Amino acid sequence: MFSSLNISTMKKCTLAAVIGATLLSTLASASNLDIGRAPTAEEIAGWDIDIRPDGKGLPPGEGSVADGEVIYEDKCAVCHGVFGEGEKRWPKLAGGFDTLTDDRPEKTVGSYWPYASTLWDYIHRTMPFPEPQSLSNNEVYATTAYVLYLNEIVDEDFVLTPDNLVLIAMPNAGNFYRDDRPDVINERCMENCKDPASIEVVQSLRGITPTDHFKEDGNDGVAYQEEIGKTADIPSLFEPAKAGLATYQQVCKACHDSGLAGAPKLGEKTNWKARIATGKETLYSHAINGFQGESGMMPAKGGQTQLTDDMVKQAVDYMVESSQ
Ligand code: HEC
Ligand code: HEC
């Protein structure tokens, strides 16, 4: 089960890399688009760094376990532990064999990863954590060899090269299989179909986790729903300008508190001055219908189209009141 999930992630990574490379080569050959300029071969090479399980992408070089040990102790052990056991909460790189079916499996390079090529790619691309891509190719071969050695996959006198890297059999490789399920299963509906008007498109803001509703004493979903029900009543309890506070907090704050995506920050008077000067009706209309301005995109009703126009207007009132 875990294996299939992982392989599909890997497929996507490779796909992204292929699309990236295709795009770059398309750009390179299209000289008449009148945008930017064709990337140089050197620039493409800087991006085209993925290493595939069959070894494609590996640069020439080599590195021994012995050399790897020196580099590892200097640049990696501080986080990953001298034996790959992981310092404090930094990731373990070794061990965990036979734990994959436990409740809390220990997934390491040795216990879990299907291909040695991923290890080379990962170290080359990202490590050491504070200084990614600072290692030479030979240093990457050496540290890869050493991490394999810590996992008892190669011997201490082993020297890793592009040719023997692809021959390394990772212990868990056999548990990975190709996920042949289609990405989406959407059978065309021929009868008794759903009324399109009843299909709701839910929009959400990516990369933002609302935290306002987190309770100190737990995360009781029912209590949260009740609380939301109550806060929805708040507008009628306050004077007009404060009425929009609840809507602001639930919807608009996500962008307008921090200035995310170019949103004018609440209380930032200079930013709001010219906007307010265009008149309340303009602001209402921009907030209700959406607005593409110079600093970004204000989605209609902040993306929450179930809000009534009045709720949005009240939120605008609250924002204007707080920003002049
Ligand atoms: C400052 C701490 C730090 C240092 C130094 C460091 N790493 Fe890491 N390493 C990390 C962190 C954090 C992750 C997990 C990153 C993530 O999951 O996004 C990681 C992940 C890894 C992984 C993948 C582990 C897994 O199972 O997902 C490998 C392999 C690795 N590091 C190798 C190295 C090597 C080799 C070096 C030295 C050249 C090194 N690291 C130096 C912090 C460090
Ligand atoms: C996804 C982020 C986002 C959310 C959520 C959001 N806004 Fe905005 N808003 C923007 C951005 C970006 C702008 C600036 C557009 C520009 O001027 O380029 C903006 C501008 C505005 C403006 C000024 C329009 C103008 O004419 O200058 C008002 C008023 C406004 N938002 C009200 C609201 C209200 C009310 C809500 C909640 C119901 C809300 N916004 C939610 C991103 C957001």
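All figures in this text were calculated on a predicted structure; none of them were measured in a lab. Just follow the structure's listing: the first ligand is 1, and inside any ligand the first atom is 1.
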Report the member of Cys255, Ala261, Gly259, Ser295 with the shortest heavy-atom distance to atom 3 (C) of ligand 2.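 Selected option, by shortest heavy-atom distance: Cys255.
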Note the single closest protein heavy atom to [atom], along with its residue, its atom name and the distance in Å.
atom                    : result
atom 8 (Fe) of ligand 1 : His80 NE2, 2.0 Å
atom 19 (C) of ligand 1 : Met127 CE, 3.1 Å
atom 2 (C) of ligand 1  : Cys79 SG, 1.9 Å
atom 17 (O) of ligand 1 : Tyr122 OH, 3.8 Å
atom 13 (C) of ligand 1 : Pro91 CG, 3.3 Å

Does the ring of Tyr248 carry Lys253 above it, NZ/CZ under 6.0 angstrom from centre and within 45° of its axis?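 No.
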For [X], is at least one N or O under 3.5 Å away from an N or O on ligand 2?
X      : answer
Gln292 : no
Trp272 : no
Arg275 : yes
Glu294 : yes

Counting each atom of ligand 2 from 1 as listed, which ones have a heavy atom of Gly262 under 4.0 Å away?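 Once the distances to Gly262 are compared, the set is 12 (C), 14 (C).
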Atoms in ligand 2 with a heavy atom of Ala287 nearer than 4.0 Å: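 Contacts of ligand 2 toward Ala287, numbered from 1: 32 (C).
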Do ligand 1 and Lys75 have nitrogen or oxygen atoms that lie under 3.5 Å from each other?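 In this structure, Lys75 places no N or O atom under 3.5 Å from an N or O of ligand 1.
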Is it true that Tyr72 and Tyr149 have ring centroids separated by less than 6.0 Å?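 For Tyr72 and Tyr149, the ring centres are not under 6.0 Å apart.
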Donor-acceptor pair, distance only, cut-off 3.5 Å: does the side chain of Ser111 make one with the backbone of Thr108?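 Such a contact is found between Ser111 side chain and Thr108 backbone.
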Whether Trp272 side chain and Lys265 backbone form a donor-acceptor pair below 3.5 Å: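 Answer holds: yes.
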Counting backbone and side-chain atoms alike, is an N, O or S atom of Cys252 positioned under 2.8 Å from atom 8 (Fe) of ligand 2?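 Looking at Cys252, which is the residue asked about, there is no N, O or S atom under 2.8 Å from atom 8 (Fe) of ligand 2.
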Is Tyr72 close enough to touch ligand 1? Criterion: a residue heavy atom under 4.0 Å from a ligand atom.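 It does not; every heavy atom stays at 4.0 Å or beyond.
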